[in-house]
Each structure stands twice: as C-alpha cells, then as structure tokens.
Amino acid sequence: MVTKGNDQIIKENNCESKMGLPCVLEAFTSIFNTGSISNKCCGELVVLGNVCHSALVKRTLENPLFKDLNPATIIAKSIQTWNNCLALIDSPSPST
C-alpha cells in the first residue's frame with residue numbers, strides 16, 4: 001500500500017485554506033515554540049481537522065529550517081495542542 005505524502009494530503013483536503021493566518025501563526029507558535037493558542041484559534045484548528053493538522057506539522061518538520069528540532073517533541077506538542085483544543089471546544093465554558 002502506498003502512503004500519501006503530506007503535500008498530497010494537504011492539497012486534497014484544502015488544509016491551507018481552512019485556517020486564517022493569525023490562527024495558523026498562533027498554532028505554529030504553540031507547537032514549534034512556546035505560547036498558547038486562543039479559544040478562537042482552537043475552534044479553527046478543530047474545524048481544520050486532525051488529518052490536516054498532522055500533515056501540516058509533519059510537512060513543517062521536513063523543512064530544512066527546522067532540522068535542529070526534535071521531531072518527537074514537536075509531534076508530542078502538536079498532539080497536546082490538538083487534545084487541548086478538542087477538550088476546549090467539546091466542553092464550552094458556560095456563558096455569563
């Protein structure tokens with residue numbers, strides 16, 4: 001069985017058009033650097049979907065600019081960010 005490359009997954013799912021640039025940068029910072037992701041951007045990330053999220057993170061790791069990063073650490077942070085957003089979106093805080 002041939003596995004699809006990250007680029008193909010991203011293209012087929014229109015991943016790059018599903019999130020606004022400010023939220024892309026926020027998610028990127030929370031995964032590849034240190035920072036948090038806002039509720040609004042968590043919502044966009046969940047709409048993006050886990051398939052797109054994983055493919056975009058993996059494609060970024062293939063970039064030579066990020067060769068010094070530990071892929072296992074980044075993948076763990078991306079999963080943590082995804083799970084945090086999922087939990088946040090699934091259990092919205094009661095409005096006051």
- Excluding sequence neighbours, so at least two apart, what forms side-chain hydrogen bond (donor to acceptor under 3.5 Å, both in side chains) with D7? R59
- Message: Restricting to salt bridge (charged side-chain N to carboxylate O under 4.0 Å, His left out), what partner residues turn up for K40, sequence neighbours left out?
- Response: E44
- Query: Is there a side-chain contact between C85 and I37 (heavy atoms, below 4.5 Å)?
  - Reply: yes
- Item | CD1-OG1 distance between I31 and T73, expressed to the nearest 0.5 angstrom | 13.0 Å
- Query: What's the spacing between I89 CD1 and N39 CG if we round to 0.5 Å?
  - Reply: 6.5 Å
- Specify the closest pair of heavy atoms between T60 and F28, including all atoms of both residues, with the distance to one decimal. CG2-CE1, 3.6 Å
- Message: Looking at every non-hydrogen atom in both residues, tell me the closest pair between S30 and A27 and how far apart they are.
- Response: OG-O, 2.9 Å
- Task: Hey, could you give me the NE2/CE distance between H53 and M19, rounded to the nearest 0.5 Å?
- Result: 9.0 Å
- Item | Point-to-point distance, once rounded to the nearest 0.5 Å, from CG of N84 to SG of C42 | 7.0 Å
- Query: Can you list the other members of the hydrophobic cluster that holds V51, where links are side-chain heavy atoms under 4.5 angstrom apart?
  - Reply: I9
- Note on the structure: Between A72 and N70 the two heavy atoms that sit nearest each other are N-OD1, 2.9 Å
- Query: Taking the side chain from E26 and the backbone from S38, do they hold a donor-acceptor pair closer than 3.5 Å?
  - Reply: yes
- Under 3.5 Å, is there a donor-acceptor pair between the side chain of K18 and the main chain of N13? yes
- Item | L48 reachable from V24 in the ILVMFWY side-chain graph, under 4.5 Å edges | yes
- Message: To the nearest 0.5 Å, what is the distance between CD on E16 and CD1 on I10?
- Response: 6.0 Å
- Message: Which residue in the set T81, I75, I79 passes side chain to side chain contact (heavy atoms under 4.5 Å, CB included) when paired with V57?
- Response: I75
- dist N6:CG -> K58:NZ (nearest 0.5 Å) comes out at 6.5 Å
- Message: Does the plane of the ring in F66 sit parallel, tilted or perpendicular to the ring in F32? Use 30° and 60° as the thresholds.
- Response: tilted
